[in-house]
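Scroll down for the structure; my scribbles are underneath it.
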Number of protein chains: 2
Amino acid sequence: MRSDARRNYERILAAAVAEVAATGADASLEKIARDAGVGSATLHRHFANRQALMEAVFHDRVETLCAQAGDLTLTDWLRAVAEFGATTRGLAASLLAAGATADSGCEAMLTDAGGALLRQAQQSGEVRAGVAITDLLTLVNAISLATQDGPEAIRLLDLALKGVAP
Amino acid sequence: MRSDARRNYERILAAAVAEVAATGADASLEKIARDAGVGSATLHRHFANRQALMEAVFHDRVETLCAQAGDLTLTDWLRAVAEFGATTRGLAASLLAAGATADSGCEAMLTDAGGALLRQAQQSGEVRAGVAITDLLTLVNAISLATQDGPEAIRLLDLALKGVAP
DNA sequence: AGACTAACCGGAGTGGCACCCCGTTTGTCA
DNA sequence: TGACAAACGGGGTGCCACTCCGGTTAGTCT
C-alpha cells in the first residue's frame, strides 16, 4: 500500500468516525469524503460501499468490547453491547445488514467472545440449554435498533433476559 | 374531496400496498407514483411524506390485528404482531419512525388492544407488574426489525418472553 | 540522480431519489 | 353552461451513491 493511499484511508476513516457519531450510520458518504479532503471516488476505492466503511468504523470499538468479555458476566457483557449499540448510532443496523449480506469480521468477534460467556453461564446453570449466542446478539441488536439512542435499551434487555412471568 | 382526487388517492394506495409487499417500506415513492399512473407531485400532495403513506398502507391490516386481540392470549397476540411485522416488510421500521416523530394512529390502536390483554394477563398472574405494553410492543417491533422477514421472529419473541433462565 | 511505471488520485458524469413550483386541466355547483 | 376553486403533473432543485478516465505521484531500479 502506497503511503498516500494509507494516509487517505486513515483520513477517511477518521472523518467517518466523527460523522457517524454525529449523524448515525446513514451519514452521507459524500460529506465524509469532503470532510476528509478527498474525492468521493477515493472513498469508494477504499471502501466499496457503505457497509465496508461502517465495518471499519466500528471494528476498533467492537474489539475492545470483546476484550472486556473476560471481566464480565454474560448479562453484563450483553448490557455493554446494548449500551454501545445504542450510543454508537447505527451499529446495530450496520451489523444487521452485515449479517444479512456478508460475513463480517465484527460479527465473528462478537459471537466468539459472547459464545464463551454463554457456555460458561450454561454450565453453571444460569442459562438454559437451547439458547444460542446468535439469538442473544440478535436480540441485543434488535433492541439497540429499536430504541435508537434512548436509555430504554438496558431496561428492555433486562426484561427480555428475565422474561415476563412473575 | 373531488372525485378525481379520491380516485388518485386510492390508486396510489393500491400501488403502494403492492410495492411495499414486494420491496419493503423503503420502496421508491416515484415508482409507486409511476405505477399508480400519477405524477409524483400528486403522491406528495396526498401523502406529505413516506411515513404518511406507510401509515395508510398499514392501517387496515393493523386494524384487523387489533380486532383479533379479543380472541387471543397476550402471548399469541404478540406472536401475531411479530409475524405480521415480519411478513409486512418494514412495518416495524415504519411504526418505529412514527413513534419517534409523531403520534401515529396505528400505534395508538396497538397499544389500546395490547394494553387490555396485558392488564388481563397481569390480573391472572401470568405477567408480573412493571411490564408496560409499550415495552412489549417495542420488543416485538425490535425483533421484527432485526429478523427482517425471516422465520426467527417467533422464536426470538418466545425467548424474550420466557427469559434465559432454566 | 533520473527515469520509468504501476498505483493512486479526484473532477466530472450517470442515474436515481424525495420533494416542490407553477402553468394547465378538471370537477362541481350555481 | 360558465366560472372558479381544487387538483393535476411536467419539469426543476438539490441531494445521494457510485463510476469513468485522464492526469499525477510514490516507490523502484539502474
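A note on names: the letters A, B, ... follow the listed sequences, proteins ahead of strands, and every chain is numbered from 1.
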Worksheet item: Using a cut-off of 4.0 Å on non-hydrogen atoms, how would the nucleic acid contact of B:Ser3 be classed: base, sugar-phosphate, or nothing?
Response: sugar-phosphate
Item to complete: Run the salt-bridge test on A:Arg79 and A:Asp158 with the 4.0 Å N-O cut-off and return the result as yes or no.
Response: yes
Worksheet item: Whole-Å distance between C:dG11 P and A:Asn8 CG?
Response: 12 Å
Worksheet entry | Integer-rounded Å distance: C:dC9 P and A:Phe47 CZ | 11 Å
Item to complete: Let me know the distance between CD1 of A:Ile12 and C1' of D:dC18, rounded to the nearest Å.
Response: 14 Å
Discussion item. Judged by each residue's nearest nucleotide on DNA chain D, which is more toward the 5′ side, A:Arg45 or A:Arg34?
Written reply: A:Arg34
Worksheet item: A:His46 has a side chain; which of C:dA18, C:dC9, D:dG9 sits nearest to it?
Response: C:dC9
Discussion item. Check for me, please, whether B:Leu139 and B:Ile154 land in the same ILVMFWY cluster - side-chain distances under 4.5 Å, paths through other members count.
Written reply: no
Worksheet, complete the sentence: Note: for A:Glu30 and B:Glu30 on DNA chain C, the residue whose nearest nucleotide lies more 5' is A:Glu30
Worksheet item: Nearest to the side chain of B:Ala5 - C:dA18, D:dC16, D:dC8?
Response: D:dC8
Worksheet item: Which is it for B:Val140 and B:Ile143 under the side-chain contact (heavy atoms from CB on, under 4.5 Å) test, yes or no, and what are the steps along the way?
Response: CA-CA 5 Å; B:Val140 170; B:Ile143 290 170; 5.9 Å; no
Discussion item. Rounded to whole Å, please give me the gap between CZ in B:Arg7 and C1' in C:dT25.
Written reply: 13 Å
Practice prompt. To the nearest Å, give me how far apart CG (B:Leu29) and C1' (C:dG16) are.
Written response: 13 Å
Worksheet item: B:Trp77 side chain to B:Leu65 main-chain N or O, any donor-acceptor pair under 3.5 Å?
Response: yes
Worksheet item: How many Å lie between CG on A:Leu53 and P on D:dC16, as a whole number?
Response: 15 Å
Discussion item. Taking atom types as they are modelled, would you say the side chain of B:Arg6 forms a donor-acceptor pair with the base of C:dG27 within the 3.5 Å cutoff?
Written reply: no
Worksheet item: Is there a donor and acceptor pair closer than 3.5 Å between the side chain of B:Arg2 and the base of D:dA7?
Response: no
Worksheet, complete the sentence: Against the side chain of B:Ala41, the closest entry in C:dG10, D:dA17, C:dC20 is C:dC20
Item to complete: Scan side-chain atoms only and decide if A:Glu30 and A:Ser28 contain a donor-acceptor pair under the 3.5 Å cut-off.
Response: no
Practice prompt. Whole angstrom is fine here: how far is it from CD1 in B:Ile32 over to C1' in C:dG16?
Written response: 15 Å
Practice prompt. For the side chain of B:His44, starting at C-beta, report the closest nucleotide among C:dG10, C:dA18, D:dG9.
Written response: C:dA18
Worksheet item: Given C:dT28, D:dG9, D:dT19, which nucleotide is nearest the side-chain atoms of A:Ser40?
Response: D:dT19
Fill in: A:Ser28 vs D:dA17: side-chain N/O to OP1/OP2 distance below 4.0 Å
yes
Worksheet item: Toward the 5' end of DNA chain C, which comes first, A:Tyr9 or B:Lys31, by nearest nucleotide?
Response: A:Tyr9
Worksheet item: Side chain of B:Asp4: nearest nucleotide among C:dG10, D:dA26, D:dC8?
Response: D:dC8
Practice prompt. Measure from CG on A:Asn49 to P on D:dC16 and round the result to the nearest Å.
Written response: 18 Å
